[in-house]
Amino acid sequence: MIECPDDAFYSRTTTAVAKELIGMKLVRTLKIKNNTLRLAGTIVETEAYGHNNDKASHARIGPTSRNAVMFGGVGIAYIYFTYGNHYCVNVSAKSKREIAGAVLIRAIEPIEGVNVMREYRAVDSIFSLGSGPGKLTQALNITSMLNGADMKDPKSELHIEFGTTPKEIISTPRIGITRATERNWRFIDPSSRYLSKMQIKVR
DNA sequence: CGCTCGATATTCT
DNA sequence: GAATATCGAGCGA
């Protein structure tokens with residue numbers, strides 16, 4: 001039986017993949033002694049990033065040691081460290097015609113292993129556990145050690161499983177970037193209470 | 001509530 | 001040197 005989206009799922013445009021990842025589950029398994037702990041959350045917010053057609057993408061300048069995953073196979077974890085403080089998780093995706101691409105996972109709704117998440121990220125409100133790209137990596141104990149993990153493999157320490165598609169998915173401009181801000185490449189479940197709190201400035 | 005700003009590694013120019 | 005796909009503390013309203 002199929003538990004995880006496969007190669008075909010990720011072998012499409014990053015925008016299509018970003019949109020359909022909403023409602024799926026991001027799963028982190030921790031091997032502690034003889035036990036396997038499962039931390040999981042429903043993906044409620046994503047952003048698509050392209051290649052040199054996308055001035056906001058890390059891949060715009062061509063392959064480097066950091067962004068190499070974006071140029072490789074699809075369904076692979078691309079994890080990078082930013083602002084000297086935070087990790088961000090992406091999953092590589094691109095259509096056959098494209099050279100590079102990835103989808104940033106910006107927010108999750110915690111559903112499994114919440115108590116353990118709170119150990120990695122001590123916050124008052126459950127809404128602050130995974131409501132942001134730097135927050136969810138802390139709650140799930142995701143670091144650059146997991147860069148290159150196969151998100152299509154249910155045995156992988158970090159992977160994505162099928163979930164329930166929400167009633168509605170909408171697109172908005174991406175957040176926290178200065179280039180190509182006109183593209184509506186951020187996708188959210190508007191009914192979620194677990195979205196990243198940063199808002200789009202409206203003039 | 002909203003704004004400013006410091007932290008601080010890695011990449012870019 | 002400057003910028004960055006971020007967060008949270010501190011401040012003022």
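Chain letters run A, B, ... following the sequence lines, proteins first and then strands; every chain starts at 1.
With hydrogens and angles ignored, the 3.5 Å screen pairs no side-chain donor or acceptor of D7(A) with any backbone N or O of Y10(A). Distance alone, capped at 3.5 Å, places no donor-acceptor pair between the N35(A) side chain and the L37(A) backbone.
Position along DNA chain C of the nearest nucleotide to E47(A) versus V123(A) favours E47(A) as the more 5'-ward residue. Residues Y78(A) and S128(A) each lie close to DNA chain C; by heavy-atom proximity, the contact nearer the 5' end of the strand is made by Y78(A).
Both Y80(A) and I76(A) belong to a common hydrophobic cluster when Ile, Leu, Val, Met, Phe, Trp and Tyr are linked at side-chain heavy-atom distances under 4.5 angstrom.
A salt bridge links E20(A) to R12(A): at least one charged side-chain nitrogen sits closer than 4.0 Å to a carboxylate oxygen. E112(A) has a carboxylate O that lies under 4.0 Å from a charged side-chain N of R38(A), or vice versa, which qualifies the two as a salt bridge.
Per the geometry, CZ belonging to R186(A) stands 11 Å off P belonging to dT6(C), to the nearest Å. The distance between atom CZ of R60(A) and atom C1' of dA5(C), rounded to the nearest whole Å, is 10 Å. H86(A) places its NE2 atom 9 Å from the P atom of dT6(C), with the value rounded to the nearest Å. Taking atom NZ of residue K55(A) and atom P of nucleotide dA5(C), one finds them 14 Å apart after rounding to whole Å. The nearest whole Å value for the distance from the OH atom in Y80(A) to the C1' atom in dC12(B) is 15 Å. The NZ-P distance, from K135(A) to dT6(C), rounds to 12 Å in whole Å. Separating the CZ atom of R179(A) from the P atom of dA5(C) is a distance of 7 Å, rounded to the nearest angstrom.
Distances from the side chain of T178(A) to the nucleotides dT4(C), dG8(C), dA5(C) place dT4(C) closest.
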Nucleotide pairing, DNA chain B (Watson-Crick or G-U, distances under 3.5 Å), in dot-bracket with [ ] and |:
|||||||.||||.
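With values rounded to the nearest 0.5 angstrom, I22(A) atom CD1 is found 7.5 Å from E45(A) atom CD.
Using bins of under 30°, 30° to 60° and over 60° for the plane-to-plane angle, the ring pair F81(A)/Y87(A) lands in the tilted bin. Classified by interplanar angle (parallel below 30°, tilted 30° to 60°, perpendicular above 60°), the ring pair F71(A)/H51(A) is perpendicular.
The residue R121(A) sits close only to the backbone: its heavy atoms come under 4.0 Å of sugar-phosphate atoms, none of a base. Among the heavy atoms of the strands lying under 4.0 Å from I177(A) are primed sugar atoms or P, OP1, OP2 only; no base atom is included.
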Pairs: protein N or O with nucleotides 9-11 of chain B N or O, under 3.5 Å:
from   : atom 1 : to     : atom 2 : distance (Å)
dA9(B) : N3     : G84(A) : N      : 3.4

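Applying the salt bridge (Lys or Arg N to Asp or Glu O under 4.0 Å) test to every pair with at least one member in residues 77-101 of chain A, sequence neighbours left out, gives no pairs at all.
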